[in-house]
Amino acid sequence: MKTIIEPFRIKMVEPLKLTTVEQRQQILKNAFYNPFLIPAEDVLIDLLTDSGTSAMSSEQWAGMIRGDESYAGAKSWYRFEKVLKELTGMPYVLPTHQGRASERILFELYGGPGKVIPNNNHFDTTRANCEHTGAEAVDLVIEEGKQPQSKHPFKGNLDPEKLEQLIKRVGVERVPLVMITVTNNSGGGQPVSLENIRTIRQICDRYGIPLFLDACRFAENAYLIKLRESGQSHRTAREIAQEMFSLADGATISAKKDGLVNIGGVLLLRDAQKAQAAGNLLILTEGFVTYGGLAGRDLEAMAYGFQEVLDEGYLEYRIRSTAYLGEGLIRHGVRIVEPPGGHAIYIDAAHFCEHLTPDQFPGQALLCELYRHAGIRAVEIGSVMFGKIDPQTGRTIHPPMQLVRLAIPRRVYTQSHIDYVIEAIGEVFDNRQNIKGVRIVEAPTVLRHFTAKFALLD
Ligand code: F0G
């Protein structure tokens, strides 16, 4: 059989509310043209994020009932710890309430003024947590990773030459760790090859620098390695994921992605002293080391999620259904970051809105039109999220790509939902000349995309 089906059936449904174009126009205005400020019930298809939006399985829900809510040493904690240790081989497992809590602890331990932390591409919270300690966050993705049309199979790879140059330029004592984000969310959800992780490991060994993974989407990365990297097709995604973790000294994970849960995170470490210090920081703001800011039932849900996500049938469906959305858009002439990655399709908004300059925020403008036309919510990954204000000129320094991300929640939408999205975006594309640019009316200095207010340009 050629057809790859959703490998689940639906036991509980959540109705979707239909709205009219006129209603959505008003809703957009009320939300200052920022989809983050739109009430979720007014969204028809919510592709804002794949984070915390997964549908849990019956096994996970059963685990929720079994959750042991003891403060210390709960049964749920031991179950969770065992699953994570078997998967990652890391001796120290710390639960956190989500990925950024792990990042905050990690960078408090390793960051600080004068430090420089390379990554393929730091995700927004990773960059913000790194910079919050006074450290500098540097993106060193390979050049192909910045070109939407390049078909390189591993556009998430960290450039080994750039890494060595950076270490030599700033001095090894200023580089406390190297990070690799799998898959590379800010760079189009693109995977990182095993070969690249091995190469970076060798460089880290040469200079005595620890290597960390930002492993939110480790399972999707592992499956894309299986599909795209030579010599890997015979291995299971689990075996590949285990090798990925074996190459690292630690990892931060937001379980809200490949952990298939609505809340939760993990910090993994190999170093006993750092683990001790991390545990102390965990207690300070998250909770005791055997629950880390979560309920016992959340640990149960994660324990099952981290196993289910490596099911080959699930991963085949997951990766195929993401590609299906990408292929549908390409057929309509929409330019996307190719090849499709794991969790999302990224539209090249600079191409979609060729009539708009980066200062008119083409990505944000497209977001608004997708919502107005079809009730679809997406997120901008471009000048709003990553633009920097030049302190001298007051002008925006633009990032290399203007993208709109359509993130696909796991096990939530069916193929007909995705067909609707393809059709709607095709219609918006046919009328793209009418998309109006936006200007920022009000914005905070850090992580401005969450709360900035915009106005439509005339
Ligand atoms: N690292 C990466 C690569 C991420 O994509 C995210 C979250 C985080 C860290 C932080 O995890 O949200 O649990 O604190 N990404 C979400 C997204 C928000 O929409 O891509 P968190």
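Counting starts at 1 for both ligands and their atoms, in listed order. Position 1 is the first residue of the sequence; numbering continues from there.
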**Asp249 and Lys274 ion-paired at < 4.0 Å** = no

**Asked** Under a 4.0 Å N-O cut-off, is there an ion pair linking Arg410 with Glu220?
**Response** yes

**Prompt:** Charged N to carboxylate O under 4.0 angstrom, Arg104 versus Glu286?
**Reply:** no

**Item:** Pick from Lys257, His343, Arg217, Arg127: the one approaching atom 15 (N) of ligand 1 most closely through a non-hydrogen atom
**Value:** Lys257

**Message:** Nearest non-hydrogen contact with atom 21 (P) of ligand 1 belongs to which option: Gln98, Lys256, His122?
**Reply:** Gln98

**Prompt:** Does an N or O anywhere in Thr125 fall below 3.5 Å from an N or O of ligand 1?
**Reply:** no

**Asked** If you measure from the Lys or Arg side-chain nitrogens to the Asp or Glu carboxylate oxygens, is any gap between Arg198 and Glu195 under 4.0 Å?
**Response** no

**Message:** Leu48 versus ligand 1: do any nitrogen or oxygen atoms come within less than 3.5 Å of each other?
**Reply:** no

**Message:** Please list the nearest protein heavy atom to atom 9 (C) of ligand 1 with its residue and the distance rounded to 0.1 Å.
**Reply:** Glu103 OE2, 2.9 Å

**Request:** Using the six-membered ring wherever Trp is involved, compare the ring planes of Phe8 and Tyr317 and label them parallel, tilted or perpendicular (cut-offs 30° and 60°).
**Result:** perpendicular

**Asked** Between Lys226 and Glu239, is the closest basic N to carboxylate O distance under 4.0 Å?
**Response** no

**Item:** Counterpart residues, side chain to side chain donor-acceptor pair (under 3.5 Å), relative to Gln276 (two or more places apart)
**Value:** none

**Message:** Quick one about Asn185 and Arg405 (side-chain donor to acceptor, distance below 3.5 Å, no hydrogens or angles considered), yes or no?
**Reply:** yes

**Asked** For ligand 1, which atoms, with element, lie under 4.0 Å from some heavy atom of Gly99?
**Response** 11 (O), 13 (O), 14 (O), 21 (P)

**Prompt:** Any nitrogen or oxygen of Arg405, main chain or side chain, under 3.5 Å from a nitrogen or oxygen of ligand 1?
**Reply:** yes

**atom 1 (N) of ligand 1 - nearest protein heavy atom and its distance** = Asp214 OD2, 2.7 Å

**Request:** Give the residue, atom name and distance (to 0.1 Å) of the protein heavy atom nearest atom 14 (O) of ligand 1.
**Result:** Arg100 NE, 2.6 Å

**Message:** Return the closest protein heavy atom for atom 4 (C) of ligand 1 as residue, atom name and distance.
**Reply:** Phe123 CD2, 3.4 Å

**Request:** Return yes when Gly265 approaches ligand 1 closer than 4.0 angstrom through a heavy atom, no otherwise.
**Result:** no

**Prompt:** ligand 1 and Thr181, any nitrogen or oxygen pair closer than 3.5 angstrom?
**Reply:** no

**Prompt:** For atom 5 (O) of ligand 1, what is the nearest protein heavy atom, given as residue, atom name and distance?
**Reply:** Asn185 ND2, 2.8 Å

**Item:** Residue and atom name of the nearest protein heavy atom (relative to atom 13 (O) of ligand 1), distance in Å to one decimal
**Value:** Ser254 OG, 2.6 Å

**Message:** Quick test of your reading of the model: are Asp139 and Arg127 salt-bridged, counting only N-O distances below 4.0 Å?
**Reply:** yes

**Message:** Below 3.5 Å, N or O to N or O, backbone or side chain included: is there any such pair between Thr183 and ligand 1?
**Reply:** no

**Request:** Answer yes or no: is there an ion pair linking Glu144 with Lys155, defined by an N-O contact shorter than 4.0 Å?
**Result:** no

